[in-house]
Structures are given as C-alpha cells and as structure tokens.
Amino acid sequence: MKKSFSIVLAFLLLFANIGLAKSSHICMGSEMLNAIGLSAKNLDCGMKHQSESPSSDQGGLSNADECCQNSFELVHNDSDQNLKVIHFDAAQLIFVAAFTQVFIFGIDPVTSTEYSNVFISPPAIDKDYTVLFQSFLI
C-alpha cells in the first residue's frame, strides 16, 4: 500500500513538472475540437481547405483558411519543488500517537471479567491426623 502510494505521488510530481498542452481547433469562430496531451497537436475539423475560392457575394477571392485555425495553450510549472523537513518534539509525537489511536483506529471497549460467587466446598477428610506432639526440624 505504501509503495503504490509512493509511486502514484512520484508520477504526479513527474507529470506536473513536464507540463501539458491544450490544442483547440476553432472553426467559424467557435471551438470545434479540443485535445489535451504532452505536446501540441494539429487538429482538423474535416472541412476541405481550398487555397482560394471565388465568393458569390463579393465577386472577389476569399481565403478558406481564415475560417479554420488551431490555437495552442501550453501549461508548464516553472517553480522548483523543495522538500520541507518537519521536526517533531516528544509532546507532539505523543499527541499524534494518541490522536491516531482514538480517532482513526477507535477505542476498544474495556472488557471486564465477571467472577461467579458460587461457593465450592472443600474435599472431605478421610482420616483425622493429629499433629499435637510432633517436632519439625527446620
């Protein structure tokens, strides 16, 4: 889990430093196609390009390439990535450990063992042994 998370963060940092390009194809004043990639792409709307075509309204020549054009927007991160090292003292580490235990892992309920108060009688004595006149060497 930790390795996969580290790999994902490394790729995110890599792609943030490379940058992206947004290519747009504008036809008749409105965006027709958009593409996002690592480099600029030449997009085409599918209209036939004619170098010059006679216009019925003006009687002159009009350029067909004026209606279609591509625009490119490059997004690049120029800032340097600096790692910050954070130092914790003992009080902060104790707080972080307690916070993690309580709010992330939860508190386990305290289980109490209940003892039964049932009286168990001692075993019966077979013979009565008297130890009245005996001495013991210690």
Shared hydrophobic cluster for Ile7 and Met1 (ILVMFWY, side-chain gaps under 4.5 Å): no
Common cluster, Phe99/Val102, ILVMFWY with side-chain heavy-atom separation under 4.5 Å: yes
Supply the atom-to-atom distance [X] [atom1] to [Y] [atom2], rounded to the nearest 0.5 angstrom.
X: Leu38; Y: Leu20; atom1: CG; atom2: CG; result: 6.5 Å
X: Met32; Y: Ser24; atom1: CE; atom2: OG; result: 12.5 Å
X: Asp89; Y: Phe95; atom1: CG; atom2: CZ; result: 12.5 Å
X: His25; Y: Ser71; atom1: NE2; atom2: OG; result: 10.0 Å
X: Asp44; Y: Leu33; atom1: CG; atom2: CG; result: 8.0 Å

Closest non-hydrogen atom pair, [X] against [Y]:
X: Ala21; Y: Leu74; result: CB-CD2, 3.4 Å
X: His87; Y: Gln92; result: O-OE1, 4.0 Å
X: Lys41; Y: Ile36; result: NZ-O, 4.4 Å

